[in-house]
Amino acid sequence: MKFAACLLLLSAVGLVLADVTVPNVWCNSAKTFCVQSLFNSTSSAITFAVSSAAKGWVGLGIGSSMSDADVWVGWNPTSGTTLISDRTATGHSMPAVDANTQVLALSNTLASVTPFAANIPTTHSTIIYFARYVTAKQTGQKAINVGSATGYIYAWSNTAPVTPTDSKSSFGIHDDKSTFSYDFTTSSTAAAAGSAATTGAVAQTGAASTNNAKLTLSFILGTMLLFLL
């Protein structure tokens with residue numbers, strides 16, 4: 001991702017966290033894989049928290065099967081860090097790493113203080129946070145529908161990637177996989193969504209807003225540092 005695009009996405013993520021709402025949450029029936037989101041309708045940026053009981057890697061993607069999917073695969077090389085890669089799946093083989101990524105990995109340590117943490121099952125050991133625009137920015141990538149369900153695939157494995165310190169590492173076959181459809185854009189920031197009664201979201205106000213503003217600044221600076229290193 002080019003530096004300018006990264007800064008724009010960081011700003012969008014900052015807007016999401018500045019007026020924190022209740023995240024949108026989807027989990028599979030076994031609660032071994034969960035996805036949470038916060039969407040900012042003004043910037044068209046969405047922040048995801050993906051967690052799983054997996055001890056190796058997790059993957060989430062747009063599509064109905066691996067034959068044609070825009071996927072994001074990530075893991076935790078160390079506590080508090082996320083490595084993620086933007087990939088394209090064309091069949092039952094290793095998804096190819098995209099030349100230009102459309103996702104930005106976010107620090108687990110900073111993101112864990114947002115409302116995402118309260119919804120993560122205690123049995124989940126792999127937790128990744130990342131941000132993405134809902135629109136597709138390059139050929140081969142897919143858009144996330146706004147206001148209606150998008151088709152997703154997911155997978156996870158208990159086996160670590162071949163090179164855990166490299167986001168482009170190869171990895172083994174999944175231990176579990178499935179598909180689902182869901183609208184992750186229904187939870188928005190208060191500034192963009194209007195009344196809580198309409199959106200079902202509860203915005204933090206008063207003293208909490210001051211804390212959120214400080215959190216947003218720390219979050220952006222910390223994430224920029226991670227990106228630049």
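Along the sequence shown, residues carry numbers from 1.
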Do Phe171 and Trp57 have their ring centres less than 6.0 Å from each other?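 Yes - the distance between ring centres of Phe171 and Trp57 falls below the 6.0 Å cut-off.
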Counting the benzene-type ring for Trp, do Trp26 and Tyr154 have ring centres under 6.0 Å apart?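 Close enough - the centres of the two rings lie under 6.0 Å apart.
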Not counting sequence neighbours, which residues clear side-chain hydrogen bond (donor to acceptor under 3.5 Å, both in side chains) with [X]? List them please.
X      : result
Trp75  : none
Tyr152 : none
His174 : none

Over all atoms of both residues, closest heavy-atom pair of [X] and [Y]:
X      : Y      : answer
His124 : Ala53  : CD2-N, 3.6 Å
Asp183 : Gly147 : OD2-C, 3.3 Å
Ile46  : Phe184 : CD1-O, 3.5 Å

All salt bridge (Lys or Arg N to Asp or Glu O under 4.0 Å) counterparts of Asp166, not counting sequence neighbours: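 Per chain and number, Asp166 pairs via salt bridge (Lys or Arg N to Asp or Glu O under 4.0 Å) with no residue.
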Scan residues 65-77 for pairs that pass salt bridge (charged side-chain N to carboxylate O under 4.0 Å, His left out), counting only residues two or more places apart or in two chains.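 For residues 65-77, and leaving out neighbouring residues, the salt bridge (charged side-chain N to carboxylate O under 4.0 Å, His left out) pairs sorted by first residue read Asp68-Lys142, Asp70-Arg132.
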Salt bridge (charged side-chain N to carboxylate O under 4.0 Å, His left out): which pairs involve residues 33-42, sequence neighbours left out?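 Not a single pair qualifies under salt bridge (charged side-chain N to carboxylate O under 4.0 Å, His left out).
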[atom1] of [X] to [atom2] of [Y]: how many Å apart, nearest 0.5 Å?
X      : Y      : atom1 : atom2 : value
Ile144 : Thr150 : CD1   : OG1   : 6.5 Å
Ser65  : Ile153 : OG    : CD1   : 7.0 Å
Ser51  : Lys31  : OG    : NZ    : 11.5 Å

Taking Thr179 for the side chain and Ser64 for the main chain, is one N or O donor matched with an acceptor at less than 3.5 Å?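 Not at all, since once roles are kept as given, no pair shorter than 3.5 Å links the two residues.
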Any non-hydrogen side-chain atom of Phe39 less than 4.5 Å from a side-chain atom of Val146?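 Phe39 vs Val146: side chains touch.
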